[in-house]
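Down below is the structure, laid out as structure tokens.
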Amino acid sequence: MNAIKEAHYNLGIAYLEAGQYNRAVPEFEAAVKLDPNFISAHCALCRAYLEQDELEKAGTAITEALKLDANHQPALLLSGTITEAYQDRGKAYLDDKRYTEAVAAFQKAIALAAGLDDDLQDSHSENTHIYVHLGAAYIGMKAYQQAIEALQHAIAQDADLVDAHYNLGYAYVEQGAYDQAIPHLERVIAVAPHLKRAYYNLARAYQESGNLEAATNAITETLKLDANYQPAREFADTMKQTHYNKGTSHFNKKN
């Protein structure tokens with residue numbers, strides 16, 4: 001039996017190196033069927049699936065390998081490769097505004113990354129950014145509570161992530177948690193003072209929390225950065241009317 005499984009494995013490797021991945025797969029499957037503990041065959045099967053962009057099947061194959069040996073270096077490296085592939089796929093979905101698919105891809109990347117040793121992960125920053133991307137995808141779905149949870153996780157790992165603070169502030173504004181939004185948006189502006197969207201959403205948060213003076217200052221700064229930014233222009237018109245109404249009220253009261 002050992003000779004037969006080795007023959008299937010070696011033929012699979014030959015197909016793999018020749019780029020004939022669809023022919024390699026059944027050979028590796030035959031090898032692991034004959035010997036479920038054949039960890040090299042599981043890894044090779046994962047490689048063949050990866051070359052065909054079959055991430056689900058590649059993930060299943062490498063999971064079986066890691067069940068046999070959680071410290072097997074080739075399996076860990078392949079798991080890292082699948083994690084990156086899911087993250088890249090998620091970012092592509094995010095760019096295309098396919099938010100539901102993006103969320104699914106990022107969640108799979110997170111699940112795989114959780115099983116990797118720290119020294120085998122690409123970088124702490126890149127893995128933290130999975131949660132930033134996940135939060136952005138949830139925002140695209142208008143699932144603000146899930147976005148907040150993902151972004152809080154990112155900030156817990158790296159408190160200096162400007163994009164995480166901005167998205168978290170925006171999600172809080174959309175959820176109506178204005179007082180919680182303000183410190184995140186203020187932090188963004190301190191680091192990135194030319195980000196007009198941060199000023200605009202800060203103005204929204206200040207207005208809704210009752211601080212009209214701060215809202216006016218924030219929307220003024222937004223328009224200094226881009227006088228043609230339509231959301232800010234509309235907001236400024238609303239603020240003008242608010243101030244006018246407030247002044248009229250004081251005038252009528254002889255205040």
Side-chain angles (χ1 to χ4, degrees), residues 46 49-50 53-63 66 76-189 191-192 195-198 200-202 204-205:
C46 172
Y49 280 135
L50 268 174
D53 202 30
E54 294 275 3
L55 298 188
E56 290 278 358
K57 293 178 179 179
T60 299
I62 212 61
T63 297
L66 290 170
L76 288 169
L77 290 170
L78 283 167
S79 184
T81 300
I82 300 169
T83 301
E84 293 170 29
Y86 271 124
Q87 188 166 353
D88 290 342
R89 180 177 288 183
K91 286 189 282 188
Y93 284 141
L94 188 58
D95 290 340
D96 290 340
K97 300 183 179 180
R98 296 166 63 180
Y99 301 119
T100 302
E101 291 143 297
V103 165
F106 290 134
Q107 287 176 333
K108 287 172 182 173
I110 288 167
L112 283 165
L116 295 178
D117 293 336
D118 289 340
D119 59 340
L120 287 173
Q121 295 184 24
D122 264 359
S123 70
H124 176 73
S125 175
E126 188 62 23
N127 287 310
T128 300
H129 265 82
I130 300 176
Y131 286 97
V132 180
H133 299 316
L134 178 61
Y138 276 130
I139 286 173
M141 295 171 62
K142 302 187 186 303
Y144 298 116
Q145 184 55 43
Q146 291 95 322
I148 287 167
E149 292 169 4
L151 293 162
Q152 285 175 334
H153 192 100
I155 288 172
Q157 295 183 47
D158 186 347
D160 296 325
L161 290 169
V162 174
D163 48 353
H165 281 288
Y166 171 76
N167 284 330
L168 186 54
Y170 175 78
Y172 276 133
V173 169
E174 292 299 314
Q175 198 183 48
Y178 306 110
D179 289 338
Q180 291 172 276
I182 288 169
H184 291 287
L185 294 169
E186 287 180 335
R187 182 163 185 165
V188 172
I189 288 167
V191 177
L195 188 59
K196 65 185 179 186
R197 292 173 297 144
Y200 169 67
N201 285 297
L202 181 60
R204 293 174 63 201

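What you are looking at is a predicted structure, and each value in this text was computed from that prediction instead of being measured.
- For the pair His165 and Val191, the minimum side-chain heavy-atom distance is 4.5 Å or more.
- When every heavy atom of Ala205 is checked against every heavy atom of Ile182, the shortest pair comes out as CB-CG1, 3.7 Å.
- Distance check, rounded to the nearest 0.5 Å: CZ of Arg197 to CG of Asn167 gives 8.0 Å.
- Taking CD of Gln146 as the reference point, atom OH of Tyr138 lies at 5.5 Å (rounded to 0.5 Å).
- To the nearest 0.5 angstrom, Leu161 atom CG is 9.5 Å from Leu151 atom CG.
- A search for side-chain hydrogen bond (donor to acceptor under 3.5 Å, both in side chains) contacts involving Gln152 returns Tyr172, not counting sequence neighbours.
- Taken from OG1 in Thr83 to CD1 in Ile130, the straight-line distance is 6.5 Å, to the nearest 0.5 Å.
- Rounded to the nearest 0.5 Å, atoms CG (Asp88) and NE2 (His133) are 9.0 Å apart.
- Taking a cutoff of 4.0 Å between a charged side-chain nitrogen and a carboxylate oxygen, Glu84 and Arg89 do not qualify as a salt bridge.
- Judged as a ring-ring contact (aromatic ring centres under 6.0 Å, His included), and not counting sequence neighbours, Tyr170 has no contacts.
- Partners of Tyr200 by ring-ring contact (aromatic ring centres under 6.0 Å, His included), not counting sequence neighbours, listed by chain and number: Tyr229.
- Considering only heavy atoms from C-beta on, Asn201 comes within 4.5 Å of Tyr166 through its side chain.
- A heavy-atom distance below 4.5 Å is found between the side chains of Gln145 and Gln175.
- Of all non-hydrogen atoms in Ser79 and Ile62, the two that sit nearest each other are N-CG1, 4.1 Å.
- Considering only heavy atoms from C-beta on, Phe106 comes within 4.5 Å of Lys91 through its side chain.
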Assess whether side chain to side chain contact (heavy atoms under 4.5 Å, CB included) is satisfied between Val173 and Leu185, documenting all intermediate values. CA-CA 10 Å; Val173 169; Leu185 294 169; 4.2 Å; yes

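- Of all heavy-atom pairs between Ala137 and Tyr99, the closest is O-CB, 3.6 Å.
- At a threshold of 4.5 Å between non-hydrogen side-chain atoms, the residues Ile155 and His184 count as touching.
- In this structure, the side chains of Gln87 and Lys108 stay at 4.5 Å or more apart for every pair of heavy atoms.
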Given side chain to side chain contact (heavy atoms under 4.5 Å, CB included), test Val103 with Thr100 step by step and report yes or no. CA-CA 5 Å; Val103 165; Thr100 302; 5.9 Å; no

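- For the atom pair CD1 of Ile82 and CG of Leu77, the computed distance is 11.0 Å after rounding to the nearest 0.5 Å.
- Salt-bridge check for Asp160 with Arg187: passed, with a basic side-chain N closer than 4.0 Å to an acidic carboxylate O.
- Side-chain N/O atoms of His153 and Glu149 include no donor and acceptor closer than 3.5 Å.
- Between Gly90 and Ala102, the shortest heavy-atom distance links the atoms O-CB, 3.6 Å.
- By the 4.5 Å heavy-atom criterion applied to side chains, Ile189 and Leu195 are not counted as neighbours.
- Scanning both residues, Tyr86 and Glu56, for their nearest heavy atoms gives OH-N, 3.4 Å.
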